[in-house]
Each structure stands twice: as C-alpha cells, then as structure tokens.
Amino acid sequence: MPSHYTRIVLNDRPEGDINASTFRSEKVPFTELQVGDDQVLVQVTWLSLDPAMRGWLRDVRSYVPPVQIGETMRAGGLGIVVRKGKNVKLNIGQLVSGTLGWTEYAIVNAKDVESITVPQGLLDIDYLNNLGMAGLTAYFGLKDVGQIKAGETLVVSGAAGAVGSMACQLGLRAGAKVYGIAGSQDKCEWLEKEIGVTKALNYKSSSFQKDFRDIGYLDVYFDNVGGDILDMCLIRLNRNARIVLCGAISAYNSVGRPKGIQNYQTLISQRARIEGFIVFDYAKRYPEAIAEMSQGLRDGSIKRKFHIVEGLENAPSALPLLFNGGNTGKLVVKVAEPLKTKL
Ligand SMILES: NC(=O)c1ccc[n+]([C@@H]2O[C@H](COP(=O)([O-])OP(=O)(O)OC[C@H]3O[C@@H](n4cnc5c(N)ncnc54)[C@H](OP(=O)(O)O)[C@@H]3O)[C@@H](O)[C@H]2O)c1
C-alpha cells in the first residue's frame, strides 16, 4: 500500500460556475484509513461525473445533504475491495460500486456498496452509465413517469448526454417517434446516425425555433435541461401529454432564483401532466431495468458512448464539461487501472 493517497475536497462553495478555487487536492497518510468491523477499504478505479454534483455544493435542503467544506467531494464510482473488517463477507478483489467520492481510496460500510460481476460482453464502466444511475434514470423516467407508448411523439433534451441518449433509445425501442435536442451539429449527427433518432435538433442553431415547430405536437417531453426549452415544449403539448422533469441543468449554475416557466396554462387546456422524480425511489426495481439494458448492450441494440478523463486530479476541471456541453455520452474519470476487470 502507498504511504499517502490523494483525495479532493470541497474548498469553497461556488456562487455561479465551478471555478479553480471550488476544490482542493490533499495528500493524506495512508495510515488514516482504518477499516471498521463492518467496513471495506476500496481502491477507486472509476468515478462518475454527474450534473447533480453541482447541486450537492449548494448549502440548501435537497434529497441528499450538501457536501461540507473540507469534506471529500461526493461521487458515485467503482472500485476494488483491498481490505475488509472482520464481519464483512465480501472477498478481497471484489469489484463494487457505491458512493466512493473523489479519492484514490475510500472507507465505506460494506452494506452501502453493490458487488458487481461483469458478464461477458459488458464493461465495468457500463455500471456507471446504462446500468448505473444514468440508464436507470432514463428507464424509470421514460417508462414510469412518461408512460411512453408506441406511435407517440417523444422529445428529449440533453439528448446526446448519458441520460438523454438512453432515453432516446428506450423511446425508439417503445416504438415512439423520437426527437433529440442537443447543443452542436456533431452531437445531432451522432444522434441521427448512431442512436437512430427520428430527427435531432440543435438548440444553438438560428433555425431551432422553426425546426422545433416543424416537429408538430408532442406526447412526452423528457426534460433534462429546464429553462427556455421546457417553456417551448409546454406550448406544444398534445392532449394528455406528459412532461418528465428529470433535470434542469440550464439552471444549476444560476445565481439566485432560476427563471420561472411561462407557458404552463397549456397543461390545463391539454389535460397534461408535469412530474418530477428521483431515480433512487425505484431502487427495488433496478434489477428489471438492468436485465433489459444488459441484454440490449450485449446484443448491440443499445449503444453507449463514454467521455473518459484520465486521472483523479483532472476531476475538478472535467466536471464543468457537463455545463458547457463538452461531453458526448457518459462523463467518467479513470482513477486507477482496474485490478480485477479488463476492458
Ligand atoms: N431525476 C433524477 O433522478 C436524475 C438522475 C440522474 C440525472 N438527472 C438529470 O439528468 C440530466 C442529464 O444528466 P447526465 O448525467 O446525462 O448529463 P449529460 O446529459 O451527460 O451532460 C449534461 C449535458 O447537458 C447539456 N447542457 C448543459 N447546459 C445546458 C443548457 N443551459 N441548456 C441545454 N442543455 C445544456 C450539455 O449538452 P449540450 O451540448 O446538448 O448543451 C451537456 O453535455 C441532468 O439534468 C441531471 O441532473 C436526474
């Protein structure tokens, strides 16, 4: 084991965008990592970067407590069990996923990690993407909250991201016409050529308003971004339409209160529904979603794309990519070579 390990802690709560002083890196003596009887020491191999992490930096009430100043930045990840307490049944060398944080080594309660055995034809990092929070969010958001049906028109914003690209594919698999909204021509081409959406629209293009109207009316809007795009969708609802409030990334860095929506009255005239959800509430049903999406990944009918950043030290400068559109697909950080799994 090394004499020291690196962790990245919250240094300062950002007012708007994450900046160079938001996080700081610390070298900590390895001897500080004392494993309790019910705990494991995990060597972190991969970390997931998620838009929600911006929310965890705000000192406000939410579905999880805020990260405290001086605390290791919270993050989901994968790692290998390298030590364990006397009550722990997990094997040394076991691949696990859990909330490990921006650190090379993490002490966690064994009950708070999931053991993963990567089946033939899948990657360990699939468990941070389609088989992890992003995929599960798309799955339950679209199927349960959105109630998507064959023949309906689905619009997905943030469509070239991790959740969005999975929502598009699940919409296509359900037999819907799928329109993806993304922020560059390259992303739109990827969505049309690789993911197979009916049409992709670039919201930064000067013709976006017209392109959007040309779609016609929509039955389900899977909203990853909030703001003006949500407002545009609100006036294009079919009768009994559903708006799935998955995320509102356009407002995550805003200082003060985000701008409100204007066009909500269409919800009344069209007997439509707008509903937020948090994926963790579906935890009991994760196996059903993982089974379907694993099969799709194995037979090639579900596509995935990773944006890989090398090195824990680059996590703070990589996180803002989510807010400036620098990622296509799932943004992950490679912290260490996996000991037990091969890509
Ligand atoms: N409800 C839940 O339980 C749950 C769970 C997980 C994630 N989420 C939400 O799902 C959404 C997607 O998450 P993800 O992990 O898949 O991230 P992602 O889509 O891979 O990355 C974020 C993308 O958002 C787009 N974006 C950034 N600022 C924008 C703006 N102002 N207007 C429009 N688009 C903007 C960027 O793409 P462009 O280049 O296209 O702008 C960026 O690539 C987030 O809102 C997240 O909070 C919700």
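Owing to the predicted nature of the structure, the values given are computational and were not obtained by experimental measurement. Just so you know, ligand 1 is whichever comes first in the structure, and atom 1 is the first atom listed for that ligand.
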Identify, for atom 10 (O) of ligand 1, the protein heavy atom at the shortest distance, and state residue, atom and that distance. Asn224 OD1, 3.3 Å

Decide if atom CD of Gln209 counts as having more than 12 heavy atoms of other residues, nucleotides or ligands within a radius under 6.0 Å. no

For atom 47 (O) of ligand 1, the closest protein heavy atom turns out to be Tyr252 OH, 2.8 Å

Considering only the protein, which heavy-atom contact is closest to atom 48 (C) of ligand 1, and what is its distance? Cys246 O, 3.1 Å

Identity and distance of the protein heavy atom lying nearest atom 33 (C) of ligand 1: Tyr203 OH, 3.3 Å

Does a salt bridge link Asp50 with Lys330, judged by any charged N lying under 4.0 Å from a carboxylate O? yes

Please work out which of Asp281, Leu191, Asn324, Ile249 has its closest non-hydrogen atom nearest to atom 24 (O) of ligand 1. Ile249

Tell me whether Glu152 is salt-bridged to Arg242, with the criterion being a basic N under 4.0 Å from an acidic carboxylate O. yes

Ligand 1 contact by Gly276, heavy-atom criterion under 4.0 angstrom: no

Consider only side-chain N and O atoms of Ser184 and Lys204, and report whether a donor and an acceptor are under 3.5 Å apart. no

Number the atoms of ligand 1 from 1 as they appear, then name those within less than 4.0 Å of a heavy atom of Pro51, with their elements. 13 (O), 14 (P), 15 (O), 17 (O), 44 (C), 46 (C), 47 (O)

Atoms in ligand 1 with a heavy atom of Ile278 nearer than 4.0 Å: 3 (O)

Without hydrogens or angle criteria, can the side chains of Glu114 and Tyr127 be said to hold a donor-acceptor pair below 3.5 Å? no

Against heavy atoms of Ala248, which atoms of ligand 1 measure under 4.0 Å? 45 (O)

Looking only at the side chains, is there a donor atom on one of Tyr221 and Ser157 sitting less than 3.5 Å from an acceptor on the other? yes

For residues Asn87 and Asp37, is any side-chain donor paired with an opposing acceptor at under 3.5 Å? no

Phe23 side chain near Ile18 side chain, heavy-atom distance below 4.5 Å: yes

Looking at Gly325, which atoms of ligand 1 are within less than 4.0 Å of one of its heavy atoms? 36 (C), 37 (O), 39 (O), 42 (C), 43 (O)

What I want to find out is whether Asp214 reaches Lys199 closely enough, with some N-O distance under 4.0 Å, to be called a salt bridge. no

Quick one: nearest non-hydrogen protein atom to atom 28 (N) of ligand 1, plus distance? Phe323 O, 3.6 Å

What is the ring orientation for Tyr63 with Phe280, classed by angle as parallel under 30°, tilted 30 to 60°, or perpendicular over 60°? tilted

Is it the side chain (CB and beyond), the backbone, both or neither of Lys187 that lies under 4.0 Å from ligand 1, heavy atoms counted? side chain

Sub-4.0 Å atoms of ligand 1 with respect to non-hydrogen atoms of Leu322: 21 (O), 22 (C), 23 (C), 24 (O), 27 (C), 36 (C), 42 (C)

Going by the atom numbers of ligand 1, which of them fall below 4.0 Å from some non-hydrogen atom of Asn327? 18 (P), 20 (O), 21 (O), 42 (C), 43 (O)

Nearest-contact summary for atom 7 (C) of ligand 1 - protein heavy atom, Å: Val163 CG2, 3.9 Å

Cluster link Leu322 to Ile308, ILVMFWY, side chain under 4.5 Å: yes

Using a plain distance cutoff, I'd like to know if Phe277 has any nitrogen or oxygen under 3.5 Å from a nitrogen or oxygen of ligand 1. yes

Any heavy-atom pair between the side chains of Leu33 and Met1 that's under 4.5 Å? no

Relative to the heavy atoms of Val279, which atoms of ligand 1 are at a distance of less than 4.0 Å? 2 (C), 3 (O)

Geometric N/O contact Leu49 with ligand 1, under 3.5 angstrom: no

What orientation do Phe208 and Tyr203 show, parallel under 30°, tilted 30 to 60°, or perpendicular over 60°? perpendicular

Please determine whether any non-hydrogen atom of Phe280 lies less than 4.0 Å from an atom of ligand 1. no

Closer than 4.0 Å to some heavy atom of Gly183 - which atoms of ligand 1 meet that? 38 (P), 39 (O), 40 (O)

What is the closest protein heavy atom to atom 19 (O) of ligand 1, and at what distance does it sit? Gly161 CA, 3.2 Å

Residue and atom name of the nearest protein heavy atom (relative to atom 6 (C) of ligand 1), distance in Å to one decimal: Thr137 OG1, 3.5 Å

